[in-house]
Asker: 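Questions regarding the structure given below will be posed in turn.
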Amino acid sequence: MDKTDDIIPLRPWEAHAPAGQSYSSPSQSQKPPERVAFDRKELQTILGFYGTKVAEGEWRDYAMDFGKDKATFSVFRRASEVPLYRIVKDPALARKQGIYSVVAQTGLILKRGHDLSTVLRVLAKTPKLSTI
């Protein structure tokens with residue numbers, strides 16, 4: 001008699017099957033709900049722009065929210081305030097006004113477009129002339 005004959009495989013913690021039986025839970029067979037999110041290239045563009053604003057001392061904090069219909073990157077001056085700007089990715093508007101938009105603190109849409117880097121340019125400061 002082999003020593004492995006007496007071993008009963010244990011069940012996974014998530015599964016509610018008796019020991020020694022395989023069980024696929026309904027949560028594993030169902031597809032998770034779809035969420036809109038920024039991909040790696042979009043996040044690299046946003047965080048690169050965010051980093052320059054942090055270096056200038058204008059922005060200090062950010063938050064990301066991924067919903068079923070929109071993804072939002074919010075920018076704060078301080079963590080306890082309402083966001084100064086929100087960078088929104090809304091795939092429902094991809095064929096209309098553009099998938100990306102920048103929304104001000106008051107809810108005013110500053111710019112919409114299909115290219116993220118051009119939409120973010122609305123937040124860049126224009127160089128000002130100074131006297132010597």
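Worth saying up front: this structure is predicted, and the values here are computed from it rather than measured. The first residue of the sequence shown is numbered 1, and numbering continues consecutively from there.
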Asker: Could you report the tightest heavy-atom contact between A124 and K53, atom names first, then the distance?
Answerer: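 Between these two residues, the closest heavy atoms are CA-NZ, 4.3 Å.
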
Asker: Applying side-chain contact (heavy atoms from CB on, under 4.5 Å), can you list everything that pairs with L110, at least two apart in sequence or on another chain?
Answerer: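 Partners of L110 by the side-chain contact (heavy atoms from CB on, under 4.5 Å) criterion, ordered by chain and then number, come out as Y85, V102, A104, L108, V122, L123.
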
Asker: Which atoms form the tightest heavy-atom contact between A71 and V36, and what is the distance?
Answerer: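 Nearest pair, atom of A71 first, then V36: CB-O, 3.5 Å.
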
Asker: Nearest 0.5 Å, what's the CD1-NZ distance between I99 and K70?
Answerer: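 I99 atom CD1 to K70 atom NZ measures 12.5 Å (nearest 0.5 Å).
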
Asker: When you group the ILVMFWY residues by side-chain heavy-atom contacts below 4.5 Å and let the links chain together, are L93 and F73 in the same group?
Answerer: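 No, because F73 and L93 fall into different hydrophobic clusters, even though each may have its own neighbours under 4.5 Å.
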
Asker: Let's go through E42 and Y100 carefully: what are the C-alpha distance in whole Å and the side-chain angles of both, what is the deciding distance for side-chain contact (heavy atoms from CB on, under 4.5 Å) to 0.1 Å, and is it a yes or a no?
Answerer: CA-CA 10 Å; E42 293 166 339; Y100 305 107; 2.2 Å; yes

Asker: So, for L120 and F49, which heavy atoms are closest and what is the spacing to 0.1 Å?
Answerer: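 Minimum heavy-atom separation between L120 and F49: O-CZ, 3.7 Å.
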
Asker: Donor-acceptor pairs under 3.5 angstrom involving side-chain atoms of residues 111-119: please list them, not counting sequence neighbours.
Answerer:
| from | atom 1 | to | atom 2 | distance (Å) |
| --- | --- | --- | --- | --- |
| R112 | NH1 | Q97 | OE1 | 3.2 |
| H114 | ND1 | A94 | O | 3.3 |
| D115 | OD2 | S117 | OG | 3.0 |
| D115 | OD2 | T118 | OG1 | 3.2 |
| T118 | OG1 | D115 | O | 2.9 |

Asker: Would you name the heavy atoms of Y62 and F76 that are closest together and state the gap between them?
Answerer: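 Residues Y62 and F76, closest heavy atoms: CA-CD1, 4.0 Å.
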
Asker: For atom CD of E58, decide whether the heavy atoms of other residues, nucleotides or ligands shown that lie under 6.0 angstrom number more than 12.
Answerer: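 Check passes, neighbour count above 12.
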
Asker: Could you tell me the separation between the CG atom of D65 and the CZ atom of R86, rounded to the nearest 0.5 Å?
Answerer: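 D65 CG to R86 CZ: 10.0 Å, rounded to 0.5 Å.
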
Asker: With a 3.5 Å distance limit and no angle check, can you tell me whether K89 reaches the backbone of A37 through a side-chain donor-acceptor pair?
Answerer: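 Indeed, once roles are kept as given, a pair shorter than 3.5 Å links the two residues.
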
Asker: Output the rest of the hydrophobic cluster of V103: all Ile, Leu, Val, Met, Phe, Trp and Tyr residues reachable through side-chain heavy-atom contacts under 4.5 Å, sorted by chain and number.
Answerer: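 Other cluster members: V88, I109.
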
Asker: How many angstroms lie between atom OG1 of T52 and atom OH of Y50, to the nearest 0.5 angstrom?
Answerer: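 Result: 10.5 Å between the selected atoms.
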
Asker: Output the distance between atom OG1 (T72) and atom CD1 (I87), rounded to the nearest 0.5 Å.
Answerer: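 Output value for this atom pair is 10.0 Å.
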
